[in-house]
S.K.: 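One structure, pasted below without further comment.
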Amino acid sequence: MAGVTELGYLGLSVSDLDAWQSFACGVGGMEYVDEGEGDRAYLRMDKWHHRITLHADGGDDLAYLGWRVAGPVEFDEIVEKLTVQNIEVEIASDEAARERRVLGLAKLKDPGGNPTEIFFGPQVDNYRPFHPGRPMFGRFVTGAEGIGHCILRQDDVAAAVRFYQLLGLRGSVEYHLALPNGEVAAPYFMHCNDRQHSVAFGLGPMDKRINHLMLEYSELDDLGLAHDSVREREIDVALQLGKHANDEALTFYCANPSGWLWEFGWGAKKAGPQQEHYLRDLFGHGNEAEGYGMDIPLG
Ligand code: MBD
Ligand code: FE
C-alpha cells in the first residue's frame, strides 16, 4: 500500500526575511532564492527548486509540512486511504500545486492541527548546481532521506501515531527520560525511509507547532563551521553538541530568527529494522539556553 517516501519540504511563517537569510545561508549554508514575489523567499539545499519556503507573514512558526509520494498512482491511493478513515483531505487546484512547484497536491491537518500536505512530482532544477550561501566542505544529506526531521506539537500522541502510521510511517517510543519532577518523558519517533526519523512528538506541551527542524551535513567540518558561526554570533544554544542514542548523530540545537530551534547534525545512522529504546544520549547535549522546549535531560 502506498506510503509517503520522504519529508520533502516545509513552509515557514516568518517575520524577518533578512534575519532568516543571514541565519539560514550565513550560518547554515543554504542558498537563498528570491523570485520577486514580495511575500516569500525560498531556501535551496540541493537541486530541488526549494526545500523551504519562507512566508513573510509574521507568524514565526511552521506554516505547513510536505510529505512526498512516488507518483500519481500512489497519490490517489493515499488520498483514498485517508478519506476512508474520515480524514478531511482537500485536493488542491493546479494553481495551488504550481505555487508549491509540484505536479499534484493535497492538503489536510494532522491530529495536532499541523497543516500537512501530500505531494508528488517536485520541480527539480538539476540544470542549476546547488550554490551554498557560505562555503561548504560537503553538502546537505537529502536525496531519498528528505529534508531532515522535525518535532511537532501533538496533544494526543496516540492519535498522532495512528495518523502517521496511516501515512506509512513506522516507529515507537525510543526514549524513557526521567524528568526532574519525577515523571518520565517518552518521545515517539517515526520513519519512512533510511533517515532514522522524519518526525517525532511526545515531549510535552509546546507553544509553537514545531520544536525543531534537524538538517544533516555530509561533512563533519560543515557542522563545525555552523557551530563556530553560531557561537561567534552569540545565538542561543539550547542543547550543546552531543550524540543522540537513537540516530547516533552528532548535533547541537540553536535558536532560529523565529524563536524555535534548528538542530544541525552530522553522521546519523540509518533506520534499522527493529525498534530499540534508550534512557539517555551517548554524550553531550547539555542544556544551555532555556525556554525552547528542550529543557530535557538527554545527556
Ligand atoms: C533527536 O533528533 C532529538 O531531537 C531528540 C530530542 C532525541 C533523539 C534524537
Ligand atoms: Fe531532533
Side-chain angles (χ1 to χ4, degrees), residues 6-7 10 12 28 45 51-52 62 65 112 114 140-142 145-154 157 160-161 164 169-180 183-217 223 226-227 230 236-256 258 260-272 275-299:
E6 67 177 277
L7 177 58
L10 292 186
L12 305 181
M45 295 169 64
R51 287 283 185 172
I52 295 176
L62 175 71
L65 310 111
N114 303 304
F140 288 101
V141 176
T142 57
E145 294 186 47
I147 184 173
H149 75 244
C150 50
I151 288 200
L152 298 178
R153 180 170 68 202
Q154 301 292 350
V157 170
V161 169
Y164 285 99
L169 288 95
R170 303 162 50 77
S172 73
V173 165
E174 292 185 352
Y175 286 82
H176 283 162
L177 296 168
L179 302 176
E183 289 178 21
V184 175
Y188 207 102
F189 295 77
M190 301 189 79
H191 62 272
C192 56
N193 53 42
D194 274 352
R195 190 175 294 284
Q196 199 274 336
H197 56 285
S198 290
V199 69
F201 36 78
L203 272 177
M206 288 166 45
D207 296 334
K208 294 184 186 286
R209 288 173 177 149
I210 189 166
N211 170 272
H212 71 263
L213 168 66
M214 186 272 202
L215 305 159
E216 186 181 351
Y217 295 113
L223 182 65
H227 190 261
V230 163
D236 276 0
V237 170
L239 288 183
Q240 296 164 344
L241 273 172
K243 192 167 175 180
H244 283 307
N246 59 353
D247 63 7
E248 296 185 14
L250 180 68
T251 75
F252 71 98
Y253 299 58
C254 68
N256 65 43
S258 289
W260 52 277
L261 300 172
W262 270 18
E263 177 184 11
F264 290 107
W266 168 81
K269 73 171 194 192
K270 309 296 179 204
Q275 293 295 140
E276 297 180 351
H277 84 280
Y278 316 94
L279 302 185
R280 52 159 291 162
D281 275 347
L282 278 108
F283 62 81
H285 282 152
N287 304 97
E288 195 173 300
E290 292 177 2
Y292 291 100
M294 265 297 159
D295 309 312
I296 51 167
L298 273 173

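Both counts, for ligands and for their atoms, begin at 1 and track the order of listing. Note that the coordinates shown come from a computational prediction; the quantities given were computed from them, not determined experimentally. The residues of the chain are indexed from 1 along the displayed sequence.
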S.K.: Tell me the nearest of Ile296, Asn246, Leu177 to atom 9 (C) of ligand 1, using heavy-atom distances.
M.R.: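 Selected option, by shortest heavy-atom distance: Asn246.
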S.K.: Centres of the His149 and His197 rings: under 6.0 Å?
M.R.: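 Centroid distance His149-His197: below 6.0 Å, so yes.
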S.K.: Under the criterion ring-ring contact (aromatic ring centres under 6.0 Å, His included), I'd like the reasoning laid out for Tyr253 against His212: C-alpha separation, chi angles, the key distance, then a yes or no.
M.R.: CA-CA 8 Å; Tyr253 299 58; His212 71 263; 4.9 Å; yes
S.K.: Return yes when Glu174 approaches ligand 1 closer than 4.0 angstrom through a heavy atom, no otherwise.
M.R.: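 The answer is no, since Glu174 has no heavy atom less than 4.0 Å from ligand 1.
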S.K.: Give me the nearest non-hydrogen protein atom to atom 4 (O) of ligand 1 as residue plus atom name, then the distance to 0.1 Å.
M.R.: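 The protein heavy atom lying closest is Tyr253 OH, 2.6 Å.
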S.K.: Considering Lys243, His149, His244, Glu248 one by one, which has a heavy atom nearer to atom 5 (C) of ligand 1 than any of the others?
M.R.: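 It is His244 whose heavy atom sits nearest to atom 5 (C) of ligand 1.
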S.K.: Does Glu263 come within less than 4.0 angstrom of ligand 1, counting non-hydrogen atoms of the residue?
M.R.: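 Yes, that is the case, since the closest heavy atom of the residue is under 4.0 Å from the ligand.
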S.K.: Are Leu279 and Leu177 side-chain neighbours, meaning at least one heavy-atom pair lies under 4.5 Å?
M.R.: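 Heavy-atom side-chain distance check fails, nothing below 4.5 Å.
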S.K.: Taking only heavy atoms of His197, which atoms of ligand 1 are found under 4.0 Å from at least one of them?
M.R.: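 Listed by number with element, the hits are 1 (C), 2 (O), 9 (C).
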S.K.: When His244 is tested against each of Asp281, Leu250, Leu282 for side-chain contact (heavy atoms from CB on, under 4.5 Å), which residue passes?
M.R.: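 Exactly one candidate clears the test, Asp281.
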S.K.: Closer than 2.8 Å to the Fe ion (ligand 2), what protein N/O/S atoms do you find?
M.R.: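 Near the Fe ion (ligand 2), the protein supplies His149 NE2, His212 NE2, Glu263 OE1.
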S.K.: Within a distance under 4.0 Å of any heavy atom of Met294, pick out the atoms of ligand 1 and give their elements.
M.R.: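 This gives 6 (C) as the contact atoms.
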S.K.: Using a 4.5 Å cut-off on heavy atoms from C-beta on, say whether the side chain of Ile296 contacts that of Leu203.
M.R.: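 They are in side-chain contact.
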S.K.: Give me the ring orientation class for His176 and His277: parallel if the planes are under 30° apart, tilted from 30 to 60°, perpendicular past 60°.
M.R.: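 His176 vs His277 ring planes: tilted.
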S.K.: Is it the case that Asn193 and Glu6 place a side-chain donor and acceptor less than 3.5 Å from each other?
M.R.: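 Their side chains do not contain a donor-acceptor pair, so the 3.5 Å distance test is not met.
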S.K.: Where does the angle between the aromatic ring planes of Phe201 and Tyr188 fall among parallel (under 30°), tilted (30 to 60°) and perpendicular (over 60°)?
M.R.: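 Phe201 and Tyr188: parallel rings.
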S.K.: Which ligand 1 atoms does His212 reach within 4.0 Å, using its non-hydrogen atoms?
M.R.: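 Close to His212: 4 (O).
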S.K.: Between Glu216 and Lys269 (salt bridge meaning N to carboxylate O under 4.0 Å), is one present in this structure?
M.R.: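 Answer for the salt bridge query: no.
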S.K.: Is the closest side-chain donor-acceptor distance between Glu276 and Tyr278 under 3.5 Å?
M.R.: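 Yes.
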